[in-house]
Amino acid sequence: MALWKDALTDNDKKIIFSLFSRHLSKGQTKTMRAAHLDFIETRRKGIGFTDGLFERRVIDCFTSAGCFNVGRGNPEIIKALREALQKYDIGTNLLQSNVKKEFIKKLASIAPGDCNQVIFASGGGDAIDCAIKLARGATGRKKIIAMKKAYHGHTGYSLSANGKDYYRHLFEPLEPNFVFLQFGDLDAVRQVAGPDTAAIILEPVQGEGGIFVGDDYYLKGLRNICNQFGIMLIFDEIQTGFGRTGRMFASQHSGVVPDIMTLAKSISGGLFPNAVVMYRNIPLLTQYVKSNPEFHQSIAGGSDIGCAVGIAVIDYVVKNRLWDNAERMGNSIIEGLLQIQHENPDIIKEIRGKGLMIGVEYTHEYMGALMADSLARHGIFAVYSGNQPQVMRFMVPITITQAEVAKMLDIIRKAIGTMRVYLPLTKPLSKIPLLKKLLDDIHVQIAVFDIVRYFEDILGITKRNYSKEA
Amino acid sequence: MGLQSLHTIDEGKRTGIYFSDTKGKRYIDCYCGAGMFNLGRHVQELSNTLQEQADKSDQGNFVLISQEKALLASKLLSFIPAKLNGVFFSVGRGEAMDFACKLARGYTGRTQLITVDGAYYGETGFSVSLSDGDKKKFFGQIPDIATIPFGNIQALEERVTTKTAAVITETIQVENACRSASEGFFKIMRKVCDKTGALMVLDETQTGMGRTGKKFAFEHYGVEPDICVIGEALGAGIFPIAATAFTKHVQKFMHAHPLIHLSTFGGHDLGCRVAYAALELYETIKPWENAATVGSKLLEELALLQKQYPGKILSVHGKGLAIAITLRSEDMAQKAVTKLLKEGIFTATGKVARDAIILRPALTITIADAQAIVKGIQKVIKSL
């Protein structure tokens, strides 16, 4: 096929699926097909993309787990990228540059409290590994308290801090000095934390874990414990940062300043990878970094191009006060979802979230996959949490407008209607313990839905009946 | 200032084998972002590609099937001269190596990873645990990792067993004064891996993409790895992208466990478009040919320099355009780096061998420019 098409022929689609299956993962292709999530993103714009498979617009409620806060294909960020490319390449990690300095200043200008010092990293996982190294290096301690259901990444240390078995168990033994506690349980932390603890690491709002919001009491409590024992409080703001939860950073809801904070995803504008670790301007940390300048080198993180893009992202977020929009639109969506819950108490168990980081918990585990499928048919791309399959995450670009919110809610309503078609079959089955176990098993779901999808394709009823408008 | 900057130089304009500081002083870049700028600085063709493509694609949703990932995977696998069939994209070296370790454990169902002394693989958890030096002591060690001496055939034969998931090494230890091992070592490594079912993992981050005079350094030794780590040179300094490529057998693990390892920025759709164009450029320029020619000339002249200053230069090692000059002491090497800056030559000492200056200029360098480097080095060595 000719390179990089917007309009895909049937043959193009066949080639893409076949090459992806052959060289990346057959299992992934199957999984996506089974859940009707076999989108091929072509034109990316605003809050969504065109699905090249059926030439329909799709609202992006996953946004690569929070990468597109400024919207997809944002012209201002594209302009900054193009301008940067006139002058820069990735640049040299051992040298300084004006654009790096400017980016560091920009980050400091939005920093929570004195958490305004910067180290570059190449992505979220790398940033977490760096944060863990910084905490351990500075304190000279090893033990780290992490949270059950936590998601921090897939590199060596970040994976060791992950609270989800699926991502860990086939790769163990991992770095052993992690203790996992229930998110939100302050007493558990009090029992475990002490003068031997290097850090407490958590997402202020757990994302992949199923959208659990750390409340002020909990976060302030953690801050106090950390103060008491000289423990580094690490906030993973990779998904929550840059306006997502209704503040520039989620920590600002409680006013708790972390000692170390990791940022990635949206800092890239969805266009050019970058990540940073920010840390407090306190002697323990600054002196460690100063005397160990090579403790975490990043060849491609903090690139000159990435810094120029990062500056444009921060400017855009600040200029448009995107966090305010996230709060307003978030409230509006939550209000709509509560209404939908009220109409469908047998399907929706709970709505929770902060700003535009919203989770919908269904009454049964197997409903996550069913709903993803139904939403896809109607034009929303949303995924259920890897760590909590009955919870679906809605993390739409925070540039979303009121009209787009209305459209989104309308689609969710329709999708629930579609899902109701399956329910007479699955609900009675789910009352039988063994079958419930099977229904909840993601592998069984994929196998079954893949067969269903196969027959749908043969019969030509793989219809995605969402609207054609952009 | 970001902590990585060891020098107070402000990097300004970049082109070809050079960059200038903001005051206008020009340097020959012999560091090249740790071997990333293989095609030179600010490669105009690739910069243009990214500018053109910037509004046509973006990062994409990392869980989705994409034409960019599919086509780049296919292109990269046909570029690598080994029977590799699967690929996973990352942003940088450490991440790509950490994935290689996970893949080896996952596929074999075994836990032991065997590395070699003098190695450097990156800054993430597995990479730190496998690398030489005491970082792992402070930052945490992933369990069940054993170290054997690089180049020691007997150790390979004795230590690699049916409990071993993978034997991991760089093909040439660039950060360790470009230390290499014999062809016999790599052949035996292949043999014991085949015998025990352990996977052979080669990190070609700094040696691949033409650096040593071949596309990949393993070609010098007549072996093919089961898993190959390809570093930032894939994006040629315009886009951060790295890859882990592996055989059809190993790929079974990825088929059976979809989405078990993820990377938000790895396989970035825009990045795939840039890397695709970069691979086309690599194929057109064939920079490994120039690297072989200029590299051997450079080695030759540096060997003469060593004869001239045997008390200061202890050894000169390398292959293609990955060359190390080992000096009498770490202190002398550090001084040399500083003085070379004054001569307009930007180098760094090895991360493992701190008494060595590593030369890894753009692969497009001419013999005349290489001679200018030698001249600069001669002047500096004389003054030390």
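Chain letters run A, B, ... following the sequence lines, proteins first, then strands; residues in each count from 1. Treat the numbers as computed from the prediction; the structure is a model and nothing was measured.
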* Go through the atoms of B:M254 and report whether side chain, backbone, both or neither lie under 4.5 Å from a heavy atom of chain A. =>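 Its backbone and side chain both get close to chain A.
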
* In terms of heavy-atom proximity below 4.5 Å to chain A, should B:F346 be classed as side chain, backbone, both, or neither? ->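 The answer is the side chain of B:F346.
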
Could you have a look at [options] and say which one has the most heavy-atom pairs with chain B under 4.5 angstrom?
options                       : value
A:R82, A:R136, A:R43          : A:R82
A:G123, A:G124, A:G270, A:S21 : A:G270
A:G91, A:A65, A:G73, A:P75    : A:G91
A:I299, A:L159, A:T29, A:I305 : A:I299
A:D6, A:L170, A:V383          : A:L170
A:N98, A:I132, A:L24, A:I40   : A:L24

* Check ion pair A:E175-B:K136 (N to O, under 4.0 angstrom) ->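 No.
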
* **A:R44 and B:D269 ion-paired at < 4.0 Å** =>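 Salt bridge flag = yes for B:D269 with A:R44.
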
Under 4.5 Å from any heavy atom of chain B - which part of [X]:
X      : value
A:Y88  : both
A:D89  : both
A:D304 : side chain
A:S18  : neither
A:K265 : both
A:R33  : neither
A:L174 : both
A:Q86  : both
A:T155 : both
A:N177 : neither
A:K142 : side chain

* Member of B:E68, B:R273, B:Q59 meeting the side-chain contact (heavy atoms from CB on, under 4.5 Å) criterion with B:H268 ->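 Result for side-chain contact (heavy atoms from CB on, under 4.5 Å) with B:H268: B:Q59.
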
* Any idea which heavy atoms bring B:L341 and B:K25 closest together, and the distance? ->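 In this case the closest contact between B:L341 and B:K25 is O-CE, 3.4 Å.
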
Counting heavy-atom pairs under 4.5 Å with chain A, which one of [options] comes out on top?
options                     : value
B:I9, B:L103, B:I260        : B:I260
B:T15, B:L77, B:D144        : B:L77
B:E95, B:K135, B:K69        : B:K135
B:L259, B:D10, B:L50, B:D98 : B:D10
B:L270, B:V128, B:D55       : B:D55
B:G33, B:S47, B:A73         : B:S47

Within a 6.0 Å radius of atom [atom1] on [X], are there more than 12 heavy atoms belonging to other residues, nucleotides or ligands?
X      : atom1 : value
B:K351 : NZ    : yes
A:K87  : NZ    : no
B:K248 : NZ    : no

* In terms of the angle between their ring planes, are B:H261 and B:F99 parallel, tilted or perpendicular, with boundaries placed at 30° and 60°? ->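 If you compare the ring of B:H261 with that of B:F99, the planes turn out tilted.
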
* Aromatic rings A:H154 and A:Y151: how do their planes relate, parallel, tilted or perpendicular, breaks at 30° and 60°? ->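 The rings of A:H154 and A:Y151 stand perpendicular, inter-plane angle above 60°.
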
* Asked: Are A:E41 and B:N61 close enough, and set up right, to give a side chain to side chain donor-acceptor pair (under 3.5 Å), and what steps lead you there?
  -> CA-CA 8 Å; A:E41 295 173 281; B:N61 272 290; 3.2 Å; yes

* Asked: Does A:F17 have A:K13 sitting over its ring (NZ/CZ under 6.0 Å from centre, angle to axis within 45°)?
  ->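 The answer is no; the distance or angle limit is not met.
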
